[in-house]
Structures are given as structure tokens and as C-alpha cells.
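Chain letters run A, B, ... following the sequence lines, proteins first, then strands; residues in each count from 1. Just so you know, these numbers use all the heavy atoms, side chains as well, and skip hydrogens, waters and symmetry mates.
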There are 2 protein chains.
Amino acid sequence: MTSVSTEPRDTDGPSPATAPTGGSAAQRERRRRILDATITLAAEGGFDAVQMRAVAEKAEVALGTLYRYFPSKIHLLVSALAREFTKDVDRSAIRATPGDTAHERIMYVLNRRTRALQKQPKLTEALVRAFMFADQSVTGEIHEVGTSLTTVIARAMHGTPDHGEVTEEEAAIIRIISDVWLSALISWVTGRMDAEDVEKSIDVAVRLLLR
Amino acid sequence: MTSVSTEPRDTDGPSPATAPTGGSAAQRERRRRILDATITLAAEGGFDAVQMRAVAEKAEVALGTLYRYFPSKIHLLVSALAREFTKDVDRSAIRATPGDTAHERIMYVLNRRTRALQKQPKLTEALVRAFMFADQSVTGEIHEVGTSLTTVIARAMHGTPDHGEVTEEEAAIIRIISDVWLSALISWVTGRMDAEDVEKSIDVAVRLLLR
DNA sequence: CCCGAGAGTGAAACACGTTCCTACGTGAGT
DNA sequence: ACTCACGTAGGAACGTGTTTCACTCTCGGG
């Protein structure tokens, strides 16, 4: 794979991919079909199975069109990840997180999410790989994912759906927890940790950080 | 890029790559030339510049030979990373780490290493990318890198070149620090953090963990 | 000295991400 | 209804990681 070019193509206007909500109805529909196809293929066969020709075919768009919407495979996968992740966050906003302490609540949300990911190992492998391989040109999508995760953890920390102010220190703690979670996920995806290890390593991190 | 096959090829015996020290003198020499070429190309042009044909040519071996030594580009780069990393660890064993507190000593070694990496951004990009993209078949090389890093941090924590026993909790803390460092490096490599952010985020993590 | 096996060579072929080009269709403005 | 711009279809072509294959070289045992 070659790295994604750092600058966007300037041969035409902003690509539809940069604005998930813009464009005509037909364009939003195409975008949805493409992301659906991506998720399906990734869930079946992981990163390698998400082949651009296969995605295009399954989504019933031309290869050129796929590239107009998403400038690279990495963009495509990270966008898919962002969409799924954001969905989850929206769902989690509905009700307060169970648990009596910040520790319990954080573990609850992270474990729930971890288990959801582990139920679809191939999909997770594809998404984590893409996330890891992303370069500067994917900053936007990555930031979206990061923000989602931060929001979820902040909510869990405070135990309320609408997290108010987050202190400097809390933000730092959340970042570290995110880092540990990501590292653990990588280790799991690459077969260097099992599911139990992932939960345990996050538990230890949260315990050490929240004391 | 396609993922590395999960199982090793069983058409012949163990490849020379698995045993950096084994083989004939000529084989060790070839291996060295290959890794040198890899480092040179990576330092000049990053991940994309490490092209298997180019490595083979610069190392003066045939492409098939290169693949006999390293079954994929990822193995090649991670092996190169492991070699460089191990070198550093050996150097750091020579003398005690300066600093009055564990915090200071840990920051000293990590910052020193961080700055060394930042002096060769292309090389670091190539190595970190490979590390992130590695799958199960590279477990051995990755473990080598992880062990090196753990050793260095453990030494710094205790302030002595020969770190004695490491408690359960210390090991957990070291793992978390490694995770944060890796995350920060990824963010730096992908342009989402600058050099200062990297040091700061590690500093915060060490402070929160060692209190 | 000769042999056979394993290692190395060199080149072709294949797979998949990415780019590019040409023709087609469709919808907004006239 | 006409037309022009633009997005899309369809597919060829290119680059690079990876595989394969037929050949050659080297070297240790007879």
C-alpha cells in the first residue's frame, strides 16, 4: 500500500466524503451504501477483504466513484469506524451509566464496548488496522473518533449523560485511559493479548489513575 | 499491502530471519546488509521508500533471497526496529540513569529516546508504521521490542543498571507508560501531535502514575 | 574429485491499491 | 425542449508487495 497523499486532490471541489451530511439525497444514499458494503466486507474477512473493487461492486458504484467519495482505503475504513463509533455514542447518551463509582462506570462502558468489538473480531481488526495506519490526511475522521471516546468516558466518570466541565487532570486521565485501551485493542487484534487481558489491563490502568 | 500470512511457510526449514545469530558468516553478513539497507532507505524516504526491490538491490541480494530472510516488508521493518532498539538498550546498560527521582529518571530516558527518534522522522515513521501494522506472525520481534522498552524503564525507575525485582504494580505502571509513549509516538508520526506534546503527555502520565 | 542438497539469482507473473480516461446520463437553468 | 456542467459508469493501466520457477552456485561428505 502506498501512503495516502498528504494534500487533497484539487482537481475539483470538496469531495462528498468530507461532508457526511451534504450532497443530494442520491449522494447520501451512495455514501451509505459504500459504508455499509465496507462494514459487511470487513466483518466477513477483515482488513484484507475490504478490497476497493469489491466494495465498489457490493455498493453498486464504479471504482472511480468510490474514490471520489473516499480518497483511499484508509479513509474509507476510518470513516466507517467513525460512523459506527458515533452511533454508539449517541445510544449511550440516552441514559445514565450504571455503577456506583467512577471506576465501575468507566469499566462498564469500556468493557461493553470492548465486548461489542470482540464479537466481530474481523471487523475490529480491519478498523483498528486502518486507524493505526492512518496518516495526517485522515486527521479529521480520527479526531471524530477520539472525541467520541473522550465524551463517553467523561460521561461515565461523572455518571451523568450531560458531562459538565472536565478538569485539566480529568482530561489527562481520560487521554491515558484511551491510550491504554487502544494499545490493548491493538494487542488483542494482533493476537498478543486475549479478551481477558484487555479488560484486566484497562482495569489496572483505571485503578492506578483514579486513586 | 496484503496482510502477512498467519502461518509460516512450511516449504523449508526455519528461515534465517528467525535467528539473528544463527547461520553461516555469509548469512549473518547478508542479514546485516539487508537491515542496513532497510534503515538507510527508511531514513531517507520513510515507509514508502522501503521498497522490497530497492532493499534487495541496495543490499545486493536477489528479491527471492530477501524474502527468504524476511517473509514480508513488515517483518523486515520490525526486525530493523528491534535491532536498533536493542542497540540502544545495550548502550543504556553501561551507566546509571541521571535524576534524583523515579519521575526524573524515567522522563530522562524516554525523552532521550523520543528526541533520538524525532531526529530521524522518516525512519521513525517507517518503523512505527510497521510496528502498528504488524500482525500475529511478527509477535516474536514485537515482543523483543517490548521487552527492551520495559527493561529500560524499569532500570530508570530504580535508578540502577541492574534492576532487581519488579513488583506487580510497577510492572503495570511500566506497561501503561509504554502504552502512552507509543500512542504519543503514533500521534507524532501521523502529525496529530508535535514534539512538545509528546513529552508533555508522557510527563503527565508518569506524574499521575507515580504519585 | 564428484555428488547432491540447500541457498542464492534473476525474471516473470500475480494481486490489489490507486490513477486516468472516455463515454453516458441527468438535472438545473434558459 | 435544449444544452451545458458535472457526477457516474466502466475499465484500462501503473506501481509495488508477494509468489513462483528454472537455473546456478557453494560446500561438506563420499
Side-chain angles (χ1 to χ4, degrees), chain A residues 1-17 22-31 33-34 38 41 45-57 59-77 126 129-130 133 135 137, chain B residues 1-17 19 22-31 33-34 38 41 45-57 59-77 126 129-130 133-135 137:
Chain A
M1 163 185 317
T2 66
S3 276
V4 168
S5 104
T6 304
E7 10 246 326
R9 286 188 287 178
D10 53 7
T11 53
D12 46 18
S15 85
S24 69
Q27 283 174 333
R28 283 196 303 278
E29 169 65 12
R30 268 195 201 86
R31 191 185 145 92
R33 282 208 312 276
I34 291 171
T38 302
L41 288 170
F47 188 89
D48 285 355
V50 181
Q51 298 182 0
M52 300 305 268
R53 291 172 179 84
V55 172
E57 189 179 356
E60 300 181 280
V61 299
L63 189 54
T65 305
L66 173 53
Y67 272 94
R68 174 182 294 277
Y69 280 69
F70 300 95
S72 77
K73 174 170 172 172
I74 298 295
H75 279 83
L76 174 58
L77 279 166
R129 276 270 166 81
F133 210 72
D135 70 359
S137 70
Chain B
M1 165 187 313
T2 66
S3 275
V4 168
S5 101
T6 303
E7 8 246 327
R9 285 189 289 177
D10 53 7
T11 54
D12 47 17
S15 87
S24 69
Q27 283 174 333
R28 281 197 303 279
E29 168 65 13
R30 269 195 199 87
R31 192 185 144 90
R33 283 209 312 274
I34 291 171
T38 303
L41 288 170
F47 188 90
D48 285 354
V50 180
Q51 299 182 359
M52 300 305 270
R53 292 173 179 83
V55 171
E57 188 180 356
E60 299 182 281
V61 300
L63 189 54
T65 305
L66 173 54
Y67 272 95
R68 176 183 293 278
Y69 279 69
F70 300 95
S72 77
K73 175 170 172 171
I74 297 296
H75 279 84
L76 174 59
L77 279 166
R129 276 271 165 79
F133 210 73
D135 70 359
S137 69

Using whole Å, report how far [atom1] of [X] lies from [atom2] of [N].
{"X": "A:Phe47", "N": "C:dC16", "atom1": "CZ", "atom2": "P", "result": "13 Å"}
{"X": "B:Ile34", "N": "C:dA7", "atom1": "CD1", "atom2": "P", "result": "14 Å"}
{"X": "B:Arg28", "N": "C:dA7", "atom1": "CZ", "atom2": "P", "result": "15 Å"}
{"X": "B:Met52", "N": "D:dT16", "atom1": "CE", "atom2": "C1'", "result": "11 Å"}
{"X": "A:Glu57", "N": "C:dC16", "atom1": "CD", "atom2": "P", "result": "13 Å"}
{"X": "B:Phe133", "N": "D:dT18", "atom1": "CZ", "atom2": "C1'", "result": "14 Å"}
{"X": "A:Lys73", "N": "C:dT18", "atom1": "NZ", "atom2": "P", "result": "8 Å"}
{"X": "B:Tyr69", "N": "C:dT9", "atom1": "OH", "atom2": "C1'", "result": "13 Å"}

Relative to B:Phe133, does A:Arg129 satisfy both conditions: NZ or CZ under 6.0 angstrom from the six-membered ring centre, and within 45 degrees of the ring's axis?
-> yes

In Å, rounded to the nearest 0.5 Å, how long is the span from [atom1] of [X] to [atom2] of [Y]?
{"X": "A:Ile34", "Y": "A:Glu29", "atom1": "CD1", "atom2": "CD", "result": "10.5 Å"}
{"X": "B:Phe47", "Y": "B:Leu77", "atom1": "CZ", "atom2": "CG", "result": "6.0 Å"}
{"X": "A:Arg28", "Y": "A:Arg31", "atom1": "CZ", "atom2": "CZ", "result": "11.0 Å"}
{"X": "B:Tyr67", "Y": "B:Lys73", "atom1": "OH", "atom2": "NZ", "result": "9.0 Å"}

Using the test side-chain contact (heavy atoms from CB on, under 4.5 Å), find all partners of B:Ala56 that sit at least two apart in sequence or belong to another chain.
-> B:Val61, B:Leu63, B:Leu66

Considering residues at least two apart in sequence or located in another chain, which fulfil the side-chain contact (heavy atoms from CB on, under 4.5 Å) criterion with A:Ala49?
->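 side-chain contact (heavy atoms from CB on, under 4.5 Å) check on A:Ala49 returns nothing, list empty.
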
Among the nucleotides D:dG17, C:dT18, C:dG8, which one has an atom lying closest to any side-chain atom of B:Gln51?
->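 My answer, after comparing the listed nucleotides, is D:dG17.
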
Picking from C:dG8, D:dG7, C:dG17, which would you name as closest to the side chain of A:Arg68?
-> D:dG7

May I ask you to say what A:Val50 touches in the nucleic acid, namely base, sugar-phosphate or nothing, with a heavy-atom cut-off under 4.0 Å?
-> sugar-phosphate

Report each atom pair, protein N/O against N/O of nucleotides 9-14 of chain D, whose distance is under 3.5 angstrom.
from: D:dA9; atom 1: OP1; to: A:Glu60; atom 2: O; distance (Å): 3.4
from: D:dA9; atom 1: OP2; to: A:Ala62; atom 2: N; distance (Å): 2.7
from: D:dA9; atom 1: OP2; to: A:Thr65; atom 2: OG1; distance (Å): 2.5
from: D:dA13; atom 1: N6; to: A:Arg53; atom 2: NH2; distance (Å): 3.2

